J.: 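Dropping a structure here in structure tokens format, bear with me for questions.
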Amino acid sequence: MRALPLLALASFALAACQSAGPPPAPAPEQAAPGVTPSTFHMPGGTGCSGEVERFQAVIDNDVATGHTTKGVHDRVSSEIARARTTCAAGNEAGAIGQIRATKARFGYPG
């Protein structure tokens with residue numbers, strides 16, 4: 001019987017040593033694999049140039065987080081580069097159409 005109060009006291013003393021609250025979140029560079037870091041920034045902009053830069057940011061983030069392979073990233077980036085050239089030439093509708101076609105081909109929402 002005497003051991004029970006002593007055991008309870010020891011358990012209480014050990015429990016008091018536990019830290020309160022959840023552990024701190026990891027730094028962005030130490031974020032869990034597959035998770036977009038808190039430092040990710042979606043580019044602004046309007047028209048075809050905004051569309052091109054936003055899709056490039058998404059595909060860059062996808063390869064960085066392991067959601068796609070380097071090979072797919074390279075193929076998509078190549079198509080984005082063609083759309084960027086089309087946009088710079090003043091063909092807004094053509095560039096946006098190219099981006100939409102690339103998204104559809106690789107399974108990204110339109």
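Given the structure is predicted, the values throughout are model-derived calculations rather than measurements. When a residue number appears, it is its place in the shown sequence, counting from 1.
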J.: Regarding His73 and Asp62, do their side chains bring together a donor and an acceptor under 3.5 Å, going by distance alone?
T.: no

J.: Would you check, one step at a time, whether the test side-chain contact (heavy atoms from CB on, under 4.5 Å) holds for Glu79 with Ile99?
T.: CA-CA 8 Å; Glu79 292 190 25; Ile99 290 294; over 6 Å; no

J.: For the residue pair Asp60 and Val63, what are the closest heavy atoms and their distance?
T.: O-CG1, 3.2 Å

J.: Indicate whether the side chain of Asn91 and that of Thr86 have a donor and an acceptor atom separated by less than 3.5 Å.
T.: no

J.: Do any pairs count as a disulfide (SG to SG under 2.5 Å) and have a residue in residues 36-110, sequence neighbours left out, and if so which ones?
T.: Cys48-Cys87

J.: With salt bridge (charged side-chain N to carboxylate O under 4.0 Å, His left out) as the rule and sequence neighbours excluded, what pairs involving residues 86-99 come up?
T.: none

J.: For Ile59 and Tyr108: C-alpha separation, side-chain torsions, deciding distance, then whether side-chain contact (heavy atoms from CB on, under 4.5 Å) applies.
T.: CA-CA 10 Å; Ile59 195 69; Tyr108 286 85; 3.1 Å; yes

J.: What's the verdict on side-chain contact (heavy atoms from CB on, under 4.5 Å) for Val35 and Thr65, showing C-alpha distance, side-chain angles and the deciding distance?
T.: CA-CA 6 Å; Val35 176; Thr65 57; over 6 Å; no

J.: Just how far is it from atom NZ of Lys103 to atom CD of Gln98, taken to the nearest 0.5 Å?
T.: 13.5 Å

J.: If you draw a 6.0 Å radius around CZ in Arg54, do more than 12 non-hydrogen atoms from other residues or ligands fall strictly inside?
T.: yes

J.: Can you tell me how far CG of Asn61 sits from CZ of Phe40, rounded to the nearest 0.5 angstrom?
T.: 5.0 Å

J.: Which residue pairs pass the salt bridge (charged side-chain N to carboxylate O under 4.0 Å, His left out) test when at least one of the two sits in residues 67-77, sequence neighbours left out?
T.: Lys70-Asp74

J.: Atom CD of Glu53 and atom CD1 of Ile80: how far apart are they, to the nearest 0.5 Å?
T.: 8.5 Å

J.: Look at the side chain of Ser49 and the backbone N and O of Gly45, then say whether any donor-acceptor pair between them is shorter than 3.5 Å.
T.: no

J.: Verify the cluster assignment for Phe106 and Ile96: are they in a single hydrophobic cluster under the rule of side-chain heavy atoms below 4.5 Å apart?
T.: no

